[in-house]
Protein chains: 2
Amino acid sequence: MFKRIIIAEDIDSENLGIVSSINVLTQTEAETNQSCDKTLSRIKEAIIKEKPYDLLISDLSFNLDTRISHNITTGKELIHQVKNVQPDIKVIVFSGEDKPAIIKSLFDNYNIDGYVCKGLYGLSELKKAISQVHFGNTYTCPVSKHALHQSNVTQLDSYEVQLLKLLANGYKQDEISLHFIEKGIEPNSKRSIEDKIRKLRQEFDAKTTIQLIHLVDGMGLIS
Amino acid sequence: MFKRIIIAEDIDSENLGIVSSINVLTQTEAETNQSCDKTLSRIKEAIIKEKPYDLLISDLSFNLDTRISHNITTGKELIHQVKNVQPDIKVIVFSGEDKPAIIKSLFDNYNIDGYVCKGLYGLSELKKAISQVHFGNTYTCPVSKHALHQSNVTQLDSYEVQLLKLLANGYKQDEISLHFIEKGIEPNSKRSIEDKIRKLRQEFDAKTTIQLIHLVDGMGLIS
DNA sequence: GAGTTCTTTGTGGAATTCCACAAGAGAAAG
DNA sequence: CTTTCTCTTGTGGAATTCCACAAAGAACTC
């Protein structure tokens, strides 16, 4: 079983429950940190001391202390940075987030080993996840498994995300065209931008472009 | 001090921390329920048995068991219903939500007594809130106090919310006009709808209506 | 390589939204 | 009662977006 576990979780009321639950399962003292920056530096220290952590359990969103400035502000960034300094560390995400697009993107782009949705049975699911990941498997809790397998999870490519973000931030179609030409992104003609937006409207079954942005916003596709 | 406390909180990993923390403060056993429906029925039972609860601590969002159908799905609804059956019960909201508009609306429209943002110091803030509310005061934790006092919290009236929701759901300006005429909502001419949208764009400093919807979406003003 | 399909871009026109000027209606102030 | 102000609605025209048809080019098949 894992011997050195580190947890990134800002909410103090959560920490208590998670730690005690893990201790029972693994018979080791898990360490929690309430900020991403602190977590990353602890992991770096551990590598130098040749006592690296073997499992990171991380939340996704953090209500950070506004009196201090922070480098890393989200779990996604934290995981990215951690994988850079220690590629072989196992990572389980433990978050309230249940949007399929976000869960899928974590497995696809961040190479995580497990995803557990906080909820009614979050803790027992987390224990299952830890066991499975220790055996070298990946694990998704039922809630997120359901989310992942539901009718074709829409994934947007980088071009589409950029386009939608520009729209959401008040760019007009010809401004987007100019912006893409500047950045050397193709296709970039006004006409192509227009067409791409039309196709996205179709794909999401949106009557107007306003509704399109509202929908992708709600699905967490452009955050 | 409060003698009968009931908690509505879906996340199991939270419950442990909250309950133990409250027990120390109040010297009573607080009861937790993981669903809104259950919480409401427990409160009703208690009234009938003439042992009513005197404090409700509620989360706002619930990841509910999808295998069961639920009447009440959000903390807001729960609070509304509870206040109907027992107007004098004290209510503290304990949630991760930090959007000013949402916090303000809870005090203004739902008549809550305290708001504590889950976070680094959530539990100690919750304890402060319980003490203050017991003295008959209201309490907002520093995080949400900061949110409330920041540059004029934008509040939208019901007309504006309806208008924005229709826009977000793919209605065109003249469809909105027709819809308002049907429902007897005024003003409802195409021209007035147009003007209202323009004013909202101005107010939110949005270059396009698409951006306007993106902004109010992000602030939780139309959810 | 010829044929087929898909993407990109163009053009013109329709639909929709945006904007400036203004008349009427109603509320508030003097 | 008159004046002033604000809100609603109207009109016309500009800007933007939407849509149908189509040509050029890239990619893929046989």
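What you are looking at is a predicted structure, and each value in this text was computed from that prediction instead of being measured. Chain A is the first sequence line, chain B the second, and so forth, proteins listed ahead of strands; every chain is numbered from 1.
Taking atom CG on B:L166 and atom P on C:dT17, their separation rounds to 13 Å, with Å as the unit. Atom NZ of B:K190 and atom P of C:dC19 are 17 Å apart (whole Å). To the nearest angstrom, P of C:dT17 lies 9 Å from CG of B:L167. The nearest whole Å value for the distance from the NZ atom in B:K196 to the C1' atom in D:dT6 is 12 Å. Taking atom CG of A:D174 as the reference point, atom C1' of C:dT11 lies 17 Å away to the nearest angstrom. The distance between atom CG of B:D195 and atom P of C:dT16, rounded to the nearest whole Å, is 20 Å. With rounding to whole Å, B:I210 atom CD1 is found 12 Å from D:dC18 atom C1'.
Mapping B:N188 and A:T208 onto DNA chain D via the closest heavy atom, the residue that lands nearer the 5' end is B:N188. Along DNA chain C, the nucleotide nearest A:E194 and the nucleotide nearest A:K172 are compared for position; the residue whose nucleotide lies closer to the 5' end is A:E194.
Close to D:dC18, at under 4.0 Å from its OP1 or OP2, lies a side-chain N or O of A:Q173. At the phosphate of C:dT9, OP1 or OP2 sits under 4.0 Å from a side-chain N or O atom of A:S192. OP1 and OP2 of C:dT17 both lie 4.0 Å or more from every side-chain N or O belonging to B:T209. Taking only side-chain nitrogens and oxygens, A:R201 comes nearer than 4.0 Å to OP1 or OP2 of D:dC19. The shortest distance between the side-chain N/O atoms of A:R198 and the OP1/OP2 oxygens of D:dA20 is not below 4.0 Å.
Ion pairing between a basic and an acidic side chain is recognised when a charged N comes within 4.0 Å of a carboxylate O; A:K172 and A:D174 show no such pairing.
For the 3.5 Å distance criterion, the side chains of B:S158 and B:Q162 qualify, holding a donor opposite an acceptor.
Relative orientation of the B:H179 and B:Y171 rings is perpendicular, given thresholds of 30° and 60° on the angle between their planes. Ring pair A:H134/A:F2 is perpendicular by interplanar angle, where above 60° counts as perpendicular and below 30° as parallel.
Checking D:dT8, C:dC19, C:dG10 against the side-chain heavy atoms of B:R191 singles out C:dC19 as nearest.
Here NZ of B:K196 is found 12.5 Å from CZ of B:R191. Values are rounded to the nearest 0.5 Å.
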